[in-house]
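Encoded as structure tokens, the structure appears first; notes follow it.
Hydrogens, waters and symmetry mates play no part in the numbers below; they use all other heavy atoms, side chains included.
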Amino acid sequence: LNRSFPSAGPLAAMWTPWPNLCGSWCRVAAPAPSPAVARRAEARVPARRAEARVPGEFFQDAKDRDETLILLLTDLCRSKKRAPDPREVAATLDNLYGEHLAANPILVTSLLTRCGKERGGSNLAMAMLAGLKEAKVNLNGIHFSAAATACKQDGAWEKALQICRMMVDASKEPYIRVHNAAIFACGKVGQWERAVDVLEACLQVGPKPDHVTFTATITACAQASAWSMALQVFDRTPTETLELEKSPLNAALAACDKNGQWAKARELLFSLPARRIVPEATTYNTAISACARGGQYAAAVAMFADMRESHLDPDRFTFGTLMSACEKAGNWQQAMVLLHEAGSSGLELGMIELGAAVSACEKGNQWKYALHLLREMDDSRLNADAIVTSAVTVACARSKKWEHALVMYARLSTEFPDPRGIPLGSVIVACSSGASGSTESWKMAVALLDHELERWQRSERGVQNDVIQPPPFFITFDAKEMQVEMILYPGLLVVLKPANLPTDFMIEYLQVHLRRYKIANDITRASRLDTDTTGVVCIALGDSRSSAANFLISQFSGRLVTKKYMALSSGTFGPVGSKFRCTASMKTITSPDGMPRSVIVPIGEGAITIFEVVGNFLRRDRPRGPPAAPPPPDSPPPPPPSSRPPPPPSSGPPPPSSPPPPPPPPASLLETIGRRLSLVSMQPITGRTHQLRVHLAALGRPVVRDNWYGSEFLSEDSSFCPRLFLHCSQVILRDKLKKVVRVNAGLSEDLQRVVQRITNIKR
């Protein structure tokens with residue numbers, strides 16, 4: 001009581017000017033509640049808050065009075081289905097502040113700013129503006145700006161635009177910060193067209209836009225993937241604005257970076273000298289990031305050289321972005337050079353930069369450098385995170401240093417006990433191939449997998465032990481309804497994917513379907529099939545951190561899953577039953593359309609595929625023999641057929657016959673007997689991007705209807721095959737109970753019809 005009311009002194013009892021729950025005055029015995037406790041109690045009562053008259057002398061300081069106003073306004077906004085009556089708000093303001101509010105514009109700004117810090121601040125700010133207008137308080141541009149800022153934080157773009165109109169209707173001098181807040185609010189919810197409209201209004205009517213206006217509009221367009229409009233807005237930015245502030249330029253480059261337009265970012269950077277704009281370090285960093293995100297390692301390094309020539313010092317972000325580009329390109333040598341250069345510049349690199357360098361060494365199979373970087377991080381007392389430790393583990397495993405890989409995985413599982421399937425799978429591969437592929441190393445790998453599964457399951461609930469086959473359901477994609485069949489195993493979901501359905505879209509639909517029927521809350525994909533490929537897809541029942549997901553991922557990463565595919569290829573490999581393998585190394589690149597594609601390179605990631613010929617076929621619906629030559633354009637038309645009977649043969653000697661015409665030139669074998677095709681069974685040992693399609697194309701036997709890697713017979717294949725002839729026919733793996741699961745899937749109906757249309761040679 002003494003702390004709340006210092007002037008009152010220790011009293012045995014006092015009259016507290018606070019209304020009770022019934023709205024009348026009551027006597028409170030000492031000790032009386034503090035004002036904050038009383039206000040909280042009053043705020044919980046859902047009845048007539050705005051009519052409660054609270055004398056101003058009750059509050060100890062201005063903070064108590066402001067908090068009470070926020071509580072009353074919040075209750076007003078919640079109790080009304082529509083906006084509260086401005087008269088009620090004006091009465092509340094008059095009761096709390098009296099004449100001080102009209103005479104103190106700074107107090108009005110403070111109250112509007114305070115509304116923006118609350119949850120649902122846009123509603124409070126709009127109610128406050130309406131009440132101030134009803135109370136005849138003189139509002140200025142700063143007041144409207146504070147209210148618009150509250151709307152910006154909530155993303156209430158419609159209310160922000162309404163505040164702009166209120167400022168114009170009040171005949172106040174336009175204030176650009178109000179329009180900036182409205183543009184930010186539009187961009188926060190993806191209304192980039194409205195943001196551009198506000199900018200156009202500022203350019204035509206006023207107020208004059210500043211660098212924040214252009215930056216906010218460009219950012220709004222970038223967040224909605226409207227990067228072309230963002231560049232158009234940047235082109236309209238005055239040069240004098242860009243000379244003073246580079247934020248619109250950096251926002252335009254960030255729009256290119258976010259939307260994968262690295263070529264536009266480089267073009268924009270090179271066009272700056274013509275506009276007499278001097279770029280800064282942040283400008284180069286954003287352009288380098290766009291090139292790195294697009295996998296353009298050479299362009300990023302060239303921009304870094306230009307940055308050096310411009311006498312701009314790179315920072316941690318510059319080196320981190322370049323190392324990420326080196327990581328994607330697999331250029332570990334350049335990553336180590338950049339790391340040394342950053343150290344020579346006196347920069348203290350953090351976990352992100354060192355982690356990118358370690359990942360580059362991992363992809364380059366440089367396990368010694370990866371271990372060296374980890375040791376330097378330990379010496380610098382920079383605790384390596386799980387990503388860096390996993391990268392070092394995988395680097396040792398890929399180099400078949402299974403002893404080091406086991407030690408690193410032991411450290412990883414000790415410091416970060418969460419399940420991690422990819423490092424475990426890499427260690428399993430290293431152990432199974434280490435020690436010359438001895439039995440002991442293989443047993444160690446399997447024992448490690450079983451041990452980790454038991455450790456992961458200790459902190460989880462029991463798993464479903466039954467095998468369940470729910471009824472099939474239907475997915476509508478691209479205006480087509482497709483049937484999807486699935487089987488539930490302990491911790492595992494096996495789905496038979498139809499054609500022309502993206503795997504990610506199917507998994508999103510499955511997530512909703514399984515939650516609706518309370519089968520599983522989360523699922524995690526461990527592998528995928530291309531959109532045109534049909535067959536078996538394995539999905540874990542659990543999120544990415546669950547034991548089921550990491551156990552399944554570790555099996556795929558550790559090459560413990562047997563998968564077989566069926567494909568119809570152009571040409572023949574040999575008689576039925578022939579077996580062979582392809583070990584051509586591959587490298588994944590980004591095509592100009594932004595899609596990943598793989599190419600055969602001498603030095604790349606190892607890829608192994610085992611082939612077996614299942615059947616040899618002949619497609620006979622091709623034209624036999626060369627086509628008849630068309631008549632010359634000036635030749636007379638052939639005479640019409642006559643209806644008269646042919647003349648009888650004469651009894652005299654036969655007339656001398658003309659020499660027979662020369663035989664036609666021999667046609668090629670394909671044109672004579674048809675085109676040979678082979679039905680092959682393929683077992684990928686590794687799992688590279690488009691590995692089966694690339695290996696068949698490298699052997700000169702591309703898959704039928706392969707639009708990317710087999711372009712010779714595309715027009716002909718489309719006449720008898722509706723899509724890519726590739727099907728996942730078998731998967732063998734283990735569920736969470738360590739039982740072997742074998743799933744077989746026959747050819748889909750459309751591929752079966754293709755096989756029926758071609759002739760089996762039977763050899």
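Although no hydrogens or angles enter the test, the distance criterion places no donor-acceptor pair under 3.5 Å between the side chain of N365 and the main chain of C361. Between the side chain of N180 and the backbone N or O of A216, no donor-acceptor pair lies under 3.5 Å.
Between E200 and R236 there is a salt bridge, with a side-chain nitrogen of the basic residue lying less than 4.0 Å from a carboxylate oxygen of the acidic one. A salt bridge between R411 and D378 is present, with a side-chain N of the basic residue lying under 4.0 Å from a carboxylate O of the acidic one. Ionic pairing of E605 and K587 is not present here: no N-O contact between side-chain nitrogen and carboxylate oxygen is shorter than 4.0 angstrom. Checked for salt-bridge contact, R308 and E341 meet the test: a charged N lies under 4.0 Å from a carboxylate O. The pair R693-D530 meets the salt-bridge criterion, since a charged nitrogen lies less than 4.0 angstrom from a carboxylate oxygen.
To the nearest 0.5 angstrom, K246 atom NZ is 10.5 Å from T282 atom OG1. The line from CZ of R545 to OG1 of T524 is 12.0 Å long, rounded to the nearest 0.5 Å. Atom-to-atom distance recorded for H404:NE2 and W367:CH2 is 4.5 Å, nearest 0.5 angstrom.
Heavy atoms only, all atoms of each residue included: L272 and P279 are closest at CD1-CB, 3.9 Å.
For the pair R597 and W708, the cation-pi criterion (under 6.0 Å, within 45° of the ring axis) is fulfilled.
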